[in-house]
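These notes concern the structure reproduced below.
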There are 2 protein chains.
Amino acid sequence: MKLTELKAIKLAELFSALSDANRVRIISQLIEGEMSVRALADGLGMTESAVSHQLRGLRQMHLVRARKSGRQVFYSLDDDHVSRLFTLGLDHVQHG
Amino acid sequence: MKLTELKAIKLAELFSALSDANRVRIISQLIEGEMSVRALADGLGMTESAVSHQLRGLRQMHLVRARKSGRQVFYSLDDDHVSRLFTLGLDHVQHG
DNA sequence: GTAATATATGAATACTTGCTCATATATTCA
DNA sequence: TGAATATATGAGCAAGTATTCATATATTAC
């Protein structure tokens, strides 16, 4: 398959979004539905700062979306490609 | 989705395999069929050493397979999960 | 045997990344 | 207003990664 350099970079960036165990766990939580930063941090045993930094990257790649409500920010998956990639990858890991 | 720590790490490792533009380009070439290290290097404008190093990682993750023939080593994709991940990701990049 | 070719690999280095810590911004409540 | 809570962000650092260069191994041709 012929691939332009730009597309190769974009693809690599997309997969990079899922190339860290903590990000994978964040995504896995968000597959269930939207969650606040604190809820994610508590659920994953990460600091809020670390979660926030990671969410920033995911946001910039348009993989998650933020919804502000009062002083909380609820994050959710921005499109279903992510969860499809996620489950396909999980498939590979489980019985690949 | 509840995810064990081990599965999160395995998933992240899988996606890490596709988290570099040069590896993405290597995979994109191998989707066409098997190729030697030199052919890959020539086709991608990389040194043979760099390609060999990357192939080593992909091999260790069982994403590519090596077939030795004379003094050449031909690489091919080791399973179709990879190309499915690849094309799903490309889908996202193109009209996501 | 030697020379040439194809690939692999270790060390060194430049670059990237994910975290912590400190601080800033925004919102709610008293 | 001021204190408390939720999130965001920048700097700095430790760990990881991809490359290059030099060298090693393996195969073929002579």
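Within every chain, numbering begins at 1; the chains are lettered A, B, ... in the order of the sequence lines, protein sequences first and strands thereafter.
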Test item: Lys7(B) and Gln94(A) side chains (from C-beta on) under 4.5 Å apart, heavy atoms: yes
In Å and rounded to the nearest 0.5 Å, what is the CZ to CG distance from Arg59(B) to Asp78(B)? 11.5 Å
Quick check on the helix from dG1(C)-dC30(D) to dA30(C)-dT1(D): what's the angle between its two end axes, five base pairs per end, to the nearest 10°? 20°
Supply the atom-to-atom distance Leu11(A) CG to Asp20(B) CG, rounded to the nearest 0.5 angstrom. 12.0 Å
Residue-phosphate contact under 4.0 Å: Tyr75(A) side-chain N/O, dA8(D) OP1/OP2: yes
If you measure from the Lys or Arg side-chain nitrogens to the Asp or Glu carboxylate oxygens, is any gap between Arg25(B) and Glu5(A) under 4.0 Å? yes
Look at the side chain of Arg23(A) and the backbone N and O of Ala17(A), then say whether any donor-acceptor pair between them is shorter than 3.5 Å. yes
Do Val93(B) and Phe86(A) share a hydrophobic cluster, counting only Ile, Leu, Val, Met, Phe, Trp and Tyr and linking them when any side-chain heavy atoms are less than 4.5 Å apart? yes
So which protein N/O to nucleotides 12-16 of chain C N/O distances come out below 3.5 Å?
none

Spacing of CG belonging to Leu3(A) relative to CD belonging to Gln29(B), to within rounding of 0.5 Å: 9.0 Å
With under 30° as parallel and over 60° as perpendicular, where do the rings of His81(A) and His92(B) fit, or are they tilted in between? perpendicular
Short heteroatom pairs, N/O only, protein and nucleotides 25-30 of chain C, under 3.5 Å:
| unit_1 | atom_1 | unit_2 | atom_2 | d |
| --- | --- | --- | --- | --- |
| dA26(C) | O3' | Lys68(A) | NZ | 3.3 |

Value rounded to 0.5 Å, distance of CE in Met61(B) from OG in Ser16(B): 7.0 Å
To the nearest 0.5 angstrom, please state how far the CG atom of Leu55(A) sits from the CG atom of Leu63(A). 11.0 Å
State the OH-CG distance between Tyr75(A) and Leu30(A), to the nearest 0.5 angstrom. 10.0 Å
Using a 3.5 Å cut-off and no angle test, enumerate the donor-acceptor pairs between side-chain atoms of residues 34-46 of chain B and protein atoms at least two apart in sequence or in another chain.
| unit_1 | atom_1 | unit_2 | atom_2 | d |
| --- | --- | --- | --- | --- |
| Glu34(B) | OE1 | Arg67(B) | NE | 3.2 |
| Glu34(B) | OE2 | Arg67(B) | NE | 3.4 |
| Glu34(B) | OE2 | Arg67(B) | NH2 | 2.5 |
| Ser36(B) | OG | Ala39(B) | N | 3.0 |
| Arg38(B) | NE | Glu48(B) | OE2 | 3.1 |
| Arg38(B) | NH2 | Glu48(B) | OE2 | 3.0 |

Criterion side-chain contact (heavy atoms from CB on, under 4.5 Å) on Leu14(B) and Val82(B), from CA distance to verdict: CA-CA 9 Å; Leu14(B) 171 61; Val82(B) 194; 6.0 Å; no
When you measure from every atom of DNA chain C, which of residues 6-22 of chain A have a heavy atom less than 4.0 Å away? Asp20(A), Asn22(A)
Gln72(B) CD - dT27(D) P separation (whole Å): 13 Å
Are Ile9(B) and Leu88(A) connected into the same hydrophobic cluster when the rule is that any two of I, L, V, M, F, W, Y join if their side-chain heavy atoms are below 4.5 Å apart? no
Under 4.0 Å, heavy atom to any atom of DNA chain D: which of residues 32-64 of chain A qualify? Ser36(A), Val37(A), Arg38(A), Glu48(A), Ser49(A), Ser52(A), His53(A), Arg56(A), Arg59(A)
When clusters are formed by joining ILVMFWY residues with side-chain heavy atoms under 4.5 Å apart, either directly or through shared neighbours, do Phe74(B) and Leu58(B) land in the same one? no
When we call it a touch if two heavy atoms are under 4.0 Å apart, what does Phe74(B) touch: a base, just sugar-phosphate, or nothing? nothing
